[in-house]
Amino acid sequence: MLVIPEDPTNNGYILKPLTKMVLAEAGRPSATVNVLTNPRLRGYDHAVRAIREELAVRYRHMDLWLFFPDADRAKADAMRDLEESLESEGITLLCCPAEPEVEIYATVAYRNELDIPWQEARRHGSFKEDVFPPLLEAHGDHRRPGGGRSQMTIASLASRQSFFSRCPEVANLRDRIKQWRQLQALQA
């Protein structure tokens, strides 16, 4: 599986454990998860351009591509068009826009410490800059790669049912992966 973040610098530490859990829930617990680092993407536009123009050369062999953009720019029509564009090239891409940003997935376990209600946090226009840093400071570990984002994410994934109810776009992704697996089995 190829996981495509807008920027792997910190998002990869959140997306790798998240994707492993989602794949396990979708019936692929032993799937290899590769977070894209080459090319090193820098933002939504760069990621979309790379998906459309250059990744197929290096990563066509991957069974499934998962794109996790921040939801502010990743509108439903654009994501559907991107998926269909790659499907026409024989590549399965599933997009999962993070509401509002990927950092939300590392905070589910700490939602009671937010200064705002969870639903407001999920709509916050600058979640990564304003809401996430105090939680990272309190629960992360600056000595670890990614500042402890992986550990925060693992804690947030501990109660899968709670996680999926608070991040329904990830539950939807899990269901879409299950459907994809069923289609693969029928075609085999």
Side-chain angles (χ1 to χ4, degrees), residues 1-37 41 47 51 55 59 61-71 74 76 79 82-83 86 91-114 118-119 121-122 124 127-128 131-132 135-136 138-141 144-185:
M1 306 295 160
L2 179 65
V3 176
I4 306 166
E6 283 187 14
D7 185 338
T9 305
N10 290 317
N11 289 352
Y13 294 105
I14 296 169
L15 293 175
K16 189 158 191 168
L18 171 77
T19 303
K20 285 181 176 232
M21 181 276 291
V22 169
L23 291 170
E25 286 284 311
R28 294 284 310 263
S30 59
T32 302
V33 174
N34 298 292
V35 176
L36 180 72
T37 58
L41 302 176
I51 289 168
L55 297 184
Y59 301 103
H61 66 282
M62 298 280 189
D63 293 333
L64 178 64
W65 294 10
L66 303 174
F67 179 37
F68 289 91
D70 294 340
M79 295 298 94
L82 188 59
E83 289 177 1
L86 264 69
I91 297 169
T92 302
L93 169 73
L94 300 179
C95 300
C96 183
E99 302 257 347
E101 300 173 305
V102 167
E103 287 76 10
I104 195 82
Y105 302 141
T107 64
V108 173
Y110 314 103
R111 66 192 175 280
N112 293 332
E113 298 175 35
L114 294 172
W118 180 252
Q119 288 306 320
R122 298 246 320 144
H124 199 284
F127 183 87
K128 176 177 31 184
V131 179
F132 184 64
L135 293 176
L136 181 62
H139 300 285
D141 183 345
R144 291 180 175 259
R149 285 169 174 82
S150 290
Q151 293 71 25
M152 289 177 67
T153 303
I154 290 167
S156 291
L157 299 173
S159 173
R160 293 177 180 184
Q161 186 173 355
S162 175
F163 182 87
F164 286 132
S165 72
R166 287 173 174 78
C167 301
E169 71 274 14
V170 180
N172 183 50
L173 176 65
R174 175 204 57 205
D175 296 344
R176 293 182 72 202
I177 293 171
K178 285 181 183 179
Q179 291 171 350
W180 170 77
R181 287 191 64 240
Q182 290 170 348
L183 283 173
Q184 295 296 105

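In what follows, every heavy atom counts, from backbone to side chain, and hydrogens, waters and symmetry copies are set aside.
Atom-to-atom distance recorded for Tyr105:OH and Ser156:OG is 12.0 Å, nearest 0.5 angstrom. With values rounded to the nearest 0.5 angstrom, Met62 atom CE is found 8.5 Å from Thr32 atom OG1. Rounded to the nearest 0.5 Å, atoms OG1 (Thr37) and CG (Asp7) are 11.5 Å apart. Rounded to the nearest 0.5 angstrom, Leu86 CG and Leu55 CG are separated by 8.5 Å. To the nearest 0.5 angstrom, Leu66 atom CG is 7.0 Å from Met1 atom CE. Between the CZ atom in Arg181 and the CG atom in Leu64 there is a gap of 11.0 Å [rounded to 0.5 Å].
Side-chain atoms of Trp118 come within 3.5 Å of backbone N or O of Arg166 as a donor-acceptor pair. Glu99 places no side-chain N or O within 3.5 Å of a backbone atom of Ala71 that could act as its donor or acceptor partner. Under a 3.5 Å cut-off, the side chain of Glu6 and the backbone N or O of Leu41 do not form any donor-acceptor pair. Remark: the backbone N or O of Pro17 is not paired with any side-chain donor or acceptor of Thr153 at under 3.5 angstrom. When atom types are taken as modelled, the side chain of Arg144 and the backbone of Asp141 share no donor-acceptor pair closer than 3.5 angstrom. Judged by distance alone, the side chain of Thr107 and the main-chain N or O of Ile104 form a donor-acceptor pair under 3.5 Å. A donor-acceptor distance shorter than 3.5 angstrom exists from the side chain of Ser165 to the backbone of Ser162, with no hydrogens or angles considered.
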Using the side-chain contact (heavy atoms from CB on, under 4.5 Å) rule, take Asn112 and Leu114 through it: C-alpha gap first, then chi angles, then the decisive distance, then the call. CA-CA 6 Å; Asn112 293 332; Leu114 294 172; over 6 Å; no
Could you walk me through whether His139 and Glu113 pass the side chain to side chain donor-acceptor pair (under 3.5 Å) test, one step at a time? CA-CA 11 Å; His139 300 285; Glu113 298 175 35; 2.7 Å; yes
Go through the steps for Cys96 and Met79 under the test side-chain contact (heavy atoms from CB on, under 4.5 Å), then give the verdict. CA-CA 8 Å; Cys96 183; Met79 295 298 94; over 6 Å; no
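Between Lys16 and Ser150 the shortest side-chain heavy-atom distance does not fall below 4.5 Å. Inter-residue side-chain proximity for Leu93 and Phe67 is flagged as met; some heavy-atom pair is nearer than 4.5 Å. Side-chain atoms of Arg28 and Asp63, non-hydrogen and from C-beta on, do get closer than 4.5 Å to each other. Between Val3 and Val33, some side-chain heavy-atom pair lies under the 4.5 Å cut-off. Met21 places a side-chain heavy atom less than 4.5 Å from the side chain of Phe164. A 4.5 Å side-chain heavy-atom check between Pro5 and Val35 finds at least one atom pair inside the cut-off. A 4.5 Å side-chain heavy-atom check between Ile14 and Glu103 finds at least one atom pair inside the cut-off. Between Trp180 and Thr92 the shortest side-chain heavy-atom distance falls below 4.5 Å.
Nearest heavy atom pair, residue Asn10 against residue Gly146, reads OD1-CA, 4.3 Å. A pairwise comparison of heavy atoms in His124 and Phe127 identifies ND1-N, 3.3 Å as the closest pair. Closest of all the heavy-atom pairs between Trp65 and Tyr59 is NE1-O, 3.1 Å. Looking at every heavy atom in both residues, Pro69 comes nearest to Ala74 through CG-CB, 3.4 Å.
Residues Glu169 and Arg176 are not paired through a salt bridge, judged by the lack of any N-O separation under 4.0 Å between the basic side chain and the carboxylate.
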